[in-house]
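See below for the structure under consideration.
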Amino acid sequence: MKVAVITGGSQGIGEAIATRFAKENYRVVIAARNAAKLTEVASQLKTQFATSISPIPTDVREPKQVQDLITQTIANFGQLDVLVNNAGLYSTGPTEEFTLEDWHTVLDTNLWGYIHTTHAVLPYFVAQHSGAILNICSVAGKVAMPYSTLYTTSKFAIAGMSQALSAELSPKGIQVCAIYPNIIQTDF
């Protein structure tokens, strides 16, 4: 039975992805900052599917928490097959009104969070000569969106990172792709 880790798995697209992986009989690890919401979603999924659902509270901005997420997943299940990078923040407004702290908050979550998880999982995937990394990007990673400069910047970076990783890791048996959803009605 395969194992998938999904960041931002406590709501919206992440919750839907976790549901789909559970339906496909994966053992699913969901990670997010809100431990209560994460536990609630894991409970709901456990009642719907006969597979393992593990909530692991994680702030993807913190490299040690991310490393612990990956280490704990492999220790618990003996393997890891899929990483879904989905955790993210949205911001909108006139760019001149954002502080440097605002920039860091968005980029530390949306970009560095993906870098932290990818960095933590790559040694394992390279050693096993397999694995898949799915980066949930956004249409904003393909088309620049006014009044969403911080968000758009992070998503263009994820698009480029995904393309470069795909070209580099494909010969090593690791699949990398980016998914570019348009506007979807969620709490996000």
Side-chain angles (χ1 to χ4, degrees), residues 1-89 108-138 154 158 161-162 165-166 169 172-179 181 184 186-188:
M1 194 180 293
K2 293 189 175 188
V3 178
V5 168
I6 300 150
T7 66
S10 66
Q11 64 180 349
I13 292 173
E15 182 179 351
I17 292 168
T19 302
R20 181 56 189 249
F21 273 95
K23 184 177 181 181
E24 297 298 325
N25 209 31
Y26 275 70
R27 293 178 286 182
V28 177
V29 176
I30 53 174
R33 288 180 295 179
N34 185 330
K37 179 69 175 153
L38 198 60
T39 302
E40 177 186 326
V41 168
S43 257
Q44 291 171 359
L45 290 176
K46 285 177 186 177
T47 63
Q48 293 176 29
F49 302 102
T51 189
S52 175
I53 311 291
S54 300
I56 301 179
T58 306
D59 184 341
V60 296
R61 298 174 298 182
E62 300 296 331
K64 181 173 181 342
Q65 288 186 35
V66 170
Q67 186 61 58
D68 290 346
L69 166 68
I70 301 304
T71 301
Q72 186 176 345
T73 298
I74 294 167
N76 289 349
F77 298 110
Q79 69 187 67
L80 177 54
D81 303 284
V82 179
L83 167 65
V84 180
N85 281 316
N86 173 68
L89 298 173
D108 288 351
T109 302
N110 294 9
L111 176 59
W112 278 101
Y114 284 37
I115 293 169
H116 293 153
T117 53
T118 301
H119 182 263
V121 81
L122 271 183
Y124 182 76
F125 281 178
V126 169
Q128 73 182 12
H129 306 288
S130 68
I133 300 170
L134 287 76
N135 291 326
I136 306 303
C137 196
S138 167
S154 70
I158 291 165
M161 181 178 83
S162 299
L165 284 172
S166 179
L169 297 175
K172 298 177 183 181
I174 303 163
Q175 298 174 326
V176 180
C177 71
I179 299 169
I184 296 173
T186 68
D187 290 339
F188 180 77

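- One distance of note links CD of E62 with CH2 of W112; it measures 13.0 Å at 0.5 Å rounding.
- Using a 4.5 Å heavy-atom threshold, the side chains of N85 and I133 count as touching.
- Pairing each heavy atom of A120 with each of P123, the nearest pair is O-CD, 3.7 Å.
- Within the 3.5 Å criterion, the main-chain N or O of I115 finds no donor-acceptor partner in the side chain of T118.
- Looking at I53 and F21, their side chains never come closer than 4.5 Å, going by heavy atoms from C-beta outward.
- Pairs passing the salt bridge (charged side-chain N to carboxylate O under 4.0 Å, His left out) check and including a residue from residues 42-59, sequence neighbours excluded, read D59-R61.
- With rounding to the nearest 0.5 Å, the separation of CE in M161 from CG in L111 is 6.5 Å.
- The two residues G14 and I6 have their closest heavy-atom pair at O-CG2, 3.8 Å.
- When atom types are taken as modelled, the side chain of S166 and the backbone of S162 share no donor-acceptor pair closer than 3.5 angstrom.
- Of all heavy-atom pairs between A32 and L38, the closest is N-CD2, 3.7 Å.
- Interatomic distance, I179 CD1 to C137 SG, rounded to the nearest 0.5 Å: 10.0 Å.
- F77 places a side-chain heavy atom less than 4.5 Å from the side chain of V29.
- Looking at T51, its side chain does come within 3.5 Å of a backbone N or O of Y26 through a donor-acceptor pair.
- A donor-acceptor pair under 3.5 Å is formed between the side chain of Y114 and the backbone N or O of I136.
- The main-chain N or O of A4 is never found under 3.5 Å from a side-chain atom of D81 such that the two would form a donor-acceptor pair.
- Partners of N86 under the side chain to side chain donor-acceptor pair (under 3.5 Å) rule, at least two apart in sequence or in another chain, do not exist in this structure.
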Test side-chain contact (heavy atoms from CB on, under 4.5 Å) on V60 and H116; report intermediate values, then the result. CA-CA 7 Å; V60 296; H116 293 153; 5.6 Å; no

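- Remark: the backbone N or O of M1 is paired with a side-chain donor or acceptor of Q79 at under 3.5 angstrom.
- How far CD1 of I174 is from CG of L122: 6.0 Å, rounded to the nearest 0.5 Å.
- One distance of note links CD1 of I56 with OG1 of T39; it measures 11.0 Å at 0.5 Å rounding.
- For N110 against I158, the heavy-atom pair with the smallest separation is O-CD1, 3.0 Å.
- To the nearest 0.5 angstrom, L80 atom CG is 6.5 Å from T73 atom OG1.
- Residues T58 and T7 form no side-chain contact, since every pair of their non-hydrogen atoms from C-beta on lies 4.5 Å or further apart.
- Distance alone, capped at 3.5 Å, places no donor-acceptor pair between the Q65 side chain and the R33 backbone.
- Considering all non-hydrogen atoms of both residues, E15 and S10 come closest at OE1-O, 3.8 Å.
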